[in-house]
Amino acid sequence: MFSAVKSNVVNVGRVNRLWLPLNDVTVTLAGVQSVRRKRKPLWLPPAKSKMFKIPPRKYIPEEESRELLRLYNNYRTQMKIIRRHLKNEVERTAATSELALQQAAEEEAEHQALMEYNLQENLRVAALREKRVQKEFEAEMARVEATKKYQEERALLAEEEAMRIITETQEFAKSFIKREDLEQAIETAIANPVDYNFAVDNEGHVFRGRLTKPQDTDEKDWEKLPATAMQ
Amino acid sequence: MPFMKGKAPIRRTLQYLESSRLVLRDRVKVVMINYNIHGAHHEGARDFVFWHLPQLQYKNPQVQVTTLKNMTPTPFMRIFFENGEDVLVDVDSKSRTDIFDHIKKVFCKSDTKLAEEKREAQILDNPGNFGWGCDRQCICEVPGQVPCPGVIPLPKFMRGKYKYGQVDE
């Protein structure tokens with residue numbers, strides 16, 4: 001019978017003998033370590049030799065057990081007392097010991113010094129801030145002044161402009177034709193017709209009037225248009 | 001990229017947060033900073049909040065750090081201590097680095113103290129210990145020590161029931 005499983009059972013002359021003096025209770029763990037199992041698996045039934053075994057029950061007489069309990073209780077109470085006492089001692093001395101007090105005092109001093117430094121810094125920054133605010137205030141006032149001046153100038157100009165318009169219109173109003181002078185004005189207009197016709201030649205001489213001819217006036221009296229377009 | 005959120009995502013990196021030295025002293029409990037969003041003299045405070053506040057909170061998770069915006073014309077910080085007293089820090093027209101240095105000097109643990117605390121922590125952390133939270137769970141894991149009795153039973157002379165004799169009924 002060929003088995004792929006490595007077994008401690010060896011066939012010696014048709015009789016199976018165990019090769020190693022082990023009870024097949026070794027198991028390899030990950031091939032690295034052999035485990036000797038501590039107890040039999042739970043699913044195996046009890047062995048024949050143990051079938052009717054009654055586990056012995058310890059009997060301690062009542063007085064003895066009471067005495068034991070009393071002794072144990074006393075012992076445990078005393079241990080607790082000692083431990084608690086020592087703990088309290090440690091806590092007490094830790095807070096009021098010289099080293100702790102010294103450290104606390106040092107920390108306080110350091111804190112005070114730092115608060116002092118902070119105060120100084122605050123004062124310094126406050127001074128700078130005052131200056132900045134002052135400057136900003138002055139700049140603001142200057143700006144306001146400038147705006148006021150500008151507004152004043154603008155108002156003045158507007159006034160002047162208004163006065164100019166008024167005087168111009170007054171002048172203009174003088175040339176209005178009144179109702180009484182209407183017929184007279186019509187007659188003058190008919191008597192003096194305005195001729196808007198004109199002619200222009202290549203050299204820029206302008207000849208005003210519908211019936212004007214270039215031959216009518218001398219060449220040196222011809223009107224020349226101002227040459228401003230090509231400049 | 002889903003993790004590079006915000007204006008300067010470097011502020012969210014662990015390396016940036018860990019590298020900060022702004023560990024506040026034990027007595028500091030609340031840090032309050034007041035500043036405006038606009039204004040040249042608030043610029044330092046704004047930058048400080050933008051760059052260093054995450055670091056401050058990371059290093060001091062038990063301290064309350066709050067920002068109040070657009071409430072006063074000048075920026076300032078208010079630090080509250082354990083005993084209830086509070087301290088004002090004027091940061092008007094100060095630059096970011098100035099504020100940082102000032103806070104570090106006045107309210108944080110100094111570098112020497114931090115180094116000391118780190119050293120103490122290392123001393124407590126004895127590599128020879130075993131158990132929960134240590135490198136080894138049990139001394140039986142170390143080669144050369146007695147192997148685990150749960151795996152290999154102890155020899156009889158080390159076992160109590162054989163040393164002190166089995167109790168007969």
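To find a chain, count down the sequence lines: A is the first, B the second, and so on, and within it residues start at 1.
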Axial cation check for A:Y72 ring with A:R76, 6.0 Å and 45° limits: yes
Interface residue of largest heavy-atom contact number with chain B, from A:E121, A:R124, A:H111, under 4.5 Å: A:H111
Spacing of CG belonging to B:D90 relative to CG belonging to A:L123, to within rounding of 0.5 Å: 9.5 Å
Rounded distance [0.5 Å steps], CD in B:Q57 versus CG in B:L24: 9.5 Å
B:P149 portion near chain A, given a 4.5 angstrom heavy-atom threshold: backbone
Segment of B:K94 engaging chain A (4.5 angstrom heavy-atom cut-off): side chain
Interface moiety of B:F107 toward chain A, non-hydrogen atoms closer than 4.5 Å: side chain
Side-chain donor-acceptor contact under 3.5 Å, B:T112 with B:S110: yes
